[in-house]
Amino acid sequence: MNTRDDRENSAKAETPRRDFIREIIDEHNRTGRFGQRVHTRFPPEPNGYLHIGHAKSICLNYGLAEEYGGKFNLRMDDTNPEKEETEYVNSIIEDVRWLGAGWVGMREDDPRAGVLWASNYFDQMYEFAIEAIKKGRAYVCDLTAEEVSRTRGTLTTPGQESPYRNRSVEENLELFERMRRGEVPDGTKTLRAKIDMAHPNLNMRDPVMYRIVHATHHNTGDRWCIYPMYDWAHGFEDSLEGITHSICTLEFENHRPLYDWFIEIINEGRTDDGSGPWGKKIHHPQQIEFARLNLTYTVMSKRRLLQLVKEGYVRGWDDPRMPTISGMRRRGFTPEAIREFCRRIGVSKVESTVDVALLEHCVREHLNKICPRVMGVLRPLKLIIDNYPPGQVEWMEAVNNPEDPAAGTRKVPFARELYIEQDDFREVPPPKYWRLHPGNEVRLRYAYFVKCTGCDKDPQTGEITAVHATYDPATRGGDAPDGRKVKTTLHWVSAQHALPVEVRLYDHLFTKPDPNDVSDDAIRAAESGGSAEVQAVEAAAAGKDWKSNLNPKSLETLEAAYVEPSVADAVPGARYQFERLGYFCVDPDSGGPGASGRRLVFNRTVTLKDEWAKIAKKQ
RNA sequence: UGGGGAUUGGUGUAACGGUAGCACGACUGACUCUGGAUCAGUUAGUCCAGGUUCGAAUCCUGGAUCCCCAGCCA
């Protein structure tokens, strides 16, 4: 029931948590660093599908803009023509929209409206590169990739300067122009920043700014054959858009000095009023790094997710077992649940792994409030009410959602032959088993008390084929006039009215909280002796990697489940609670209502908490 | 043995020199026409060693451990 507590909780849920990023922004607002302006962005590279880790970033960035009355941009970071695809662009836009983040210029009628592209700034970046050359801050280098790598030095020793480092401005300009015109083959020249080959931060050892790639870009076609590197491009993308807080993950912390350096060298000879020789200063955003999200029992890297898709371990990017936004959507998660999850995990600089149980908790919490209840039987067992008149059908009134009186009621058909869950009958009940067993009386939800009289078995296999019971007509609706109680209530469906459906049960994709943990294998390897390193090597040699921890039971398909007839016209995406079992969502594989030969397919989103399962597990 | 980060219950996250709190999990119990939901409660933590202070998770010194960086990827 909705109570005052619920309202307080939901009010609490909308309260943003405090975190170090909000503190930095508050400080900027106190000092007036950005004139009280907050402008964030989400800048994905369109080379994969978005996952729950991206959701954290989206919620953070969009949430910040919302809270501070600022703006939020969605920008495709498409600086590498060889990796990026339109399929990914489309999925990213759909996912950000579904999550509920609204970017500047977003429109209902055109998914791409307002979406920004790094590639739109290629001209400006090229101008900046020329400026850097003219300022003596960049040079064209003829070293091959291998040579650059070799002369970079190591973590503890300085690199060597390129022999092309001191070319004249004129020569650099000329060569860069030839690179741009396509006169130079891939890999033979780069434009490099002239910084310091002895810098302790490797990113500052004359990093490459432009490489030559004769490839067709999904957005700019064949207009360019030189493409900016991330480090050169990213800061300008943010600068040009007036981003105030460039929020990114921890691994870019080492890049911040370079990000700042590039903007500063462009600002050399520029002034606030534009009177400098190079004109007006460009905007300098503040980069802030936070820890990316890790979740137990799954993997999050694009490379690995791609591998799962390509190698057929899952059915696609939107497989309901995937931690992708599209997978979670298909599974039945709600944007509200994901947003609440992102709020609860907070933001910090500590690398951490969040228990997937928290995500599941957030999903249950929301689904409990919004899902209509329905009865469905996953593993059917025939229950025959021997004293119920054959051919009689009663339509029992059932509550649609006890959490929401406004959801109303519906009628569910009851008859002599029903299906109940196989788990709900035991010929020999274990301790604390309250469900149906010979001699025991239970309630059938919204119907009658029934008392078990026995069961039929296959004489060959001993398998239970049907359960018999008698009902008490005085308990119609589910209450006994004499005040007697039963210990439990079972869900059921009328055999003649039951809708046959397919149900897909999902479990964690991996069997271990940390899929990288191949320690069992290492232990086995240790039996042959050897140090930890030797064990690791042996485990690897035995082909044991993260994929060996894939859960073979992550998908279980039930072909012969039944649900009550009221859901016959459910549309793909519709969510229900199957009472006592969990939350289920209609899969797109079902086809639309009224489609010929339609057979509903349900995905199990998440189970209900199951006290009995815990007891049974202990026994 | 270079540089950059980080370290609070099982997990995640607060506390900004003044009672170590919240959430998830786990465990009790109450209630219940979902063994659901709800409610009440229990459990369990400041990486280590010194120092400053009336008082330290917080400040100082030293140490330990973990993560990131040697792509013409982002």
Side-chain angles (χ1 to χ4, degrees), chain A residues 1 3 5-6 17-19 23 43-45 47 77 79-80 82-83 141 143-146 148-150 152-159 186-192 198-205 207-213 227 229-231 233-234 248-257 289 291 296 302 344-362 364-365 368-369 373 375 398-399 402-403 432-435 443-447 449 477-479 485-491 513 577-582 607-615:
Chain A
M1 287 295 141
T3 63
D5 290 335
D6 281 342
R17 295 178 66 128
R18 297 306 306 167
D19 55 62
E23 284 183 6
E45 183 189 15
N47 70 342
D77 202 358
T79 56
N80 186 342
E82 294 182 308
K83 285 190 173 180
C141 180
L143 258 28
T144 64
E146 191 273 326
V148 168
S149 170
R150 186 147 36 80
R152 185 152 20 227
T154 71
L155 296 176
T156 50
T157 59
D186 289 10
T188 57
K189 282 183 176 23
T190 56
L191 184 71
R192 292 226 261 166
H199 199 108
N201 180 344
L202 265 37
N203 295 126
M204 303 296 274
R205 319 244 261 228
V208 172
M209 296 159 60
Y210 273 93
R211 78 284 214 183
I212 301 169
V213 183
Y227 289 92
M229 298 289 293
Y230 170 87
D231 283 318
H234 202 82
C248 62
T249 44
L250 252 27
E251 70 270 25
F252 293 103
E253 212 153 13
N254 292 330
H255 296 244
R256 177 159 27 103
E289 309 84 13
T296 55
K302 276 189 199 172
R344 289 204 200 187
I345 59 175
V347 184
S348 77
K349 299 193 70 151
V350 188
E351 283 167 85
S352 55
T353 302
V354 176
D355 192 336
V356 73
L358 178 60
L359 213 209
E360 290 165 355
H361 168 83
C362 293
R364 284 190 191 100
E365 184 178 59
N368 177 47
K369 285 184 191 140
R373 271 61 170 174
M375 289 195 282
V399 173
E403 302 289 323
K432 292 187 183 168
Y433 187 87
W434 304 338
R435 280 115 92 142
R443 174 167 38 232
L444 295 177
R445 183 84 155 146
Y446 300 124
F449 283 14
D479 283 304
K485 300 287 182 193
V486 288
K487 200 80 168 119
T488 196
T489 301
L490 306 187
H491 61 276
Q577 184 196 101
F578 289 5
E579 292 214 37
R580 302 209 301 138
L581 296 173
T607 60
L608 249 24
K609 282 204 222 159
D610 189 347
E611 197 74 18
W612 167 245
K614 280 185 191 174
I615 297 168

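On a predicted model such as this, the values are computed, not experimentally measured, just so you know. Numbered from 1 within each chain, the chains take letters A, B, ... in sequence-line order. Just so it is clear, the values below take in all heavy atoms, side chains as well, and ignore hydrogens, waters and symmetry mates.
- Atom NZ in K609(A) sits about 14 Å away from atom P in G35(B), given to the nearest Å.
- Taking every side-chain heavy atom of H361(A) into account, G25(B) is the closest of G25(B), G5(B), A37(B).
- Side-chain proximity of M229(A) to C73(B), G12(B), G35(B): nearest is C73(B).
- Among the atoms of the strands shown, none is found under 4.0 Å from any heavy atom of R205(A).
- Within the 4.0 angstrom heavy-atom criterion, base atoms lie near T190(A).
- In this structure, P257(A) and N201(A) have side chains that are in contact, with non-hydrogen atoms separated by less than 4.5 Å.
- The residues R344(A) and E365(A) are annotated as salt-bridged, a charged nitrogen and a carboxylate oxygen being separated by less than 4.0 angstrom.
- Residue contacts shown for Y433(A) include a base, since a base heavy atom lies under 4.0 Å away.
- Taking atom CE on M204(A) and atom C1' on G2(B), their separation rounds to 15 Å, with Å as the unit.
- Base-pair partner of A23(B): U11(B) (Watson-Crick or G-U wobble, both distances under 3.5 Å).
- Using C1' as the reference atom, A15(B) and C22(B) are 11 Å apart when rounded to the nearest Å.
- Taking side-chain N and O atoms only, K369(A) has no distance below 4.0 Å to OP1 or OP2 of A37(B).
- In this model, no side-chain donor or acceptor of R344(A) finds a partner on the base of U13(B) within 3.5 Å.
- Between T157(A) and the phosphate of G2(B), there is no side-chain N or O to OP1/OP2 separation shorter than 4.0 Å.
- Across all strands shown, A70(B) forms no Watson-Crick or G-U wobble pair with both key distances under 3.5 Å.
- Y446(A) has its side chain within reach of V399(A): a pair of non-hydrogen atoms, C-beta onward, lies under 4.5 Å apart.
- Across all strands shown, N47(A) has no heavy atoms under 4.0 Å from either base or sugar-phosphate atoms.
- Going from the P atom of C48(B) to that of G9(B) covers 10 Å, rounded to whole Å.
- Residue contacts for R435(A): at a heavy-atom cut-off of 4.0 Å it reaches a base atom on one of the strands shown.
- Between G71(B) and R150(A), no contact under 4.0 Å exists linking OP1 or OP2 to a side-chain N or O.
- In G71(B) the base sits syn relative to the sugar, since the glycosidic angle is no further than 90° from 0.
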Derivation of the side chain to side chain contact (heavy atoms under 4.5 Å, CB included) call for L490(A) and R580(A): CA-CA 8 Å; L490(A) 306 187; R580(A) 302 209 301 138; 3.5 Å; yes
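- One P atom belongs to G12(B), the other to A64(B), and the distance between them is 24 Å to the nearest Å.
- At the heavy-atom level, V486(A) lies nowhere under 4.0 Å from the strands shown.
- Here D77(A) lies in heavy-atom contact (under 4.0 Å) with sugar-phosphate atoms only.
- As rounded to whole Å, 7 Å separates atom C1' of C72(B) from atom CZ of R211(A).
- Where I345(A) and P43(A) each meet RNA chain B at their nearest nucleotide, the meeting point lying more 5' is that of I345(A).
- L359(A) comes within contact range of no nucleotide atom at all, as no heavy-atom separation falls under 4.0 Å.
- Across all strands shown, T144(A) has heavy atoms under 4.0 Å from base atoms, whether or not it also approaches the sugar-phosphate.
- For the pair K614(A) and G35(B), the criterion of a side-chain N or O lying under 4.0 Å from OP1 or OP2 is not met.
- Residue-level contact check: H199(A) touches neither bases nor backbone, having no heavy atom under 4.0 Å from any strand.
- Rounded to a whole Å, the CG atom of L490(A) is 14 Å from the P atom of G36(B).
- Each of E579(A) and T154(A) lies near RNA chain B, and the nucleotide nearest E579(A) is the one positioned closer to the 5' end.
- Counting any heavy atom pair closer than 4.0 Å across all strands shown, F252(A) reaches a base atom.
- The side-chain heavy atoms of H491(A) and L581(A), taken from C-beta on, include a pair separated by under 4.5 Å.
- In this structure, CZ of R192(A) is placed 12 Å from P of G71(B), rounded to the nearest angstrom.
- When distances are taken from the side chain of A357(A) to each of C24(B), G36(B), G35(B), the shortest belongs to C24(B).
- Residue T79(A) has a polar side-chain atom (N or O) positioned under 4.0 Å from OP1 or OP2 of A74(B).
- One atom, CG of L155(A), and another, C1' of C68(B), lie 11 Å apart when rounded to the nearest Å.
- Distances shorter than 4.0 Å separate some side-chain N or O of R580(A) from OP1 or OP2 on G35(B).
- Atom pair Y227(A):OH and C72(B):P shows a separation of 18 Å (rounding to whole Å applied).
- Base contact: K432(A) has a heavy atom under 4.0 Å from a base atom.
- If you check A6(B) for Watson-Crick or wobble pairing at under 3.5 angstrom, you find it paired to U65(B).
- Using a 4.0 Å heavy-atom cutoff across all strands shown, Q577(A) reaches at least one base atom of the nucleic acid.
- An OP1 or OP2 oxygen of C72(B) is reached within less than 4.0 angstrom by a side-chain nitrogen or oxygen of R152(A).
- At a threshold of 4.5 Å between non-hydrogen side-chain atoms, the residues D77(A) and Y230(A) count as touching.
- Between S348(A) and the phosphate of U13(B), there is a side-chain N or O to OP1/OP2 separation shorter than 4.0 Å.
- Between K349(A) and E289(A), at least one side-chain nitrogen of the basic residue sits less than 4.0 Å from a carboxylate oxygen of the acidic one, meeting the salt-bridge criterion.
- Using a 4.0 Å cut-off, no side-chain N or O of H491(A) falls inside it from OP1 or OP2 of U34(B).
- Between D355(A) atom CG and U11(B) atom P the separation is 10 Å, expressed in whole Å.
- Residues Y227(A) and R211(A) meet the side-chain proximity criterion, which asks for heavy atoms closer than 4.5 Å.
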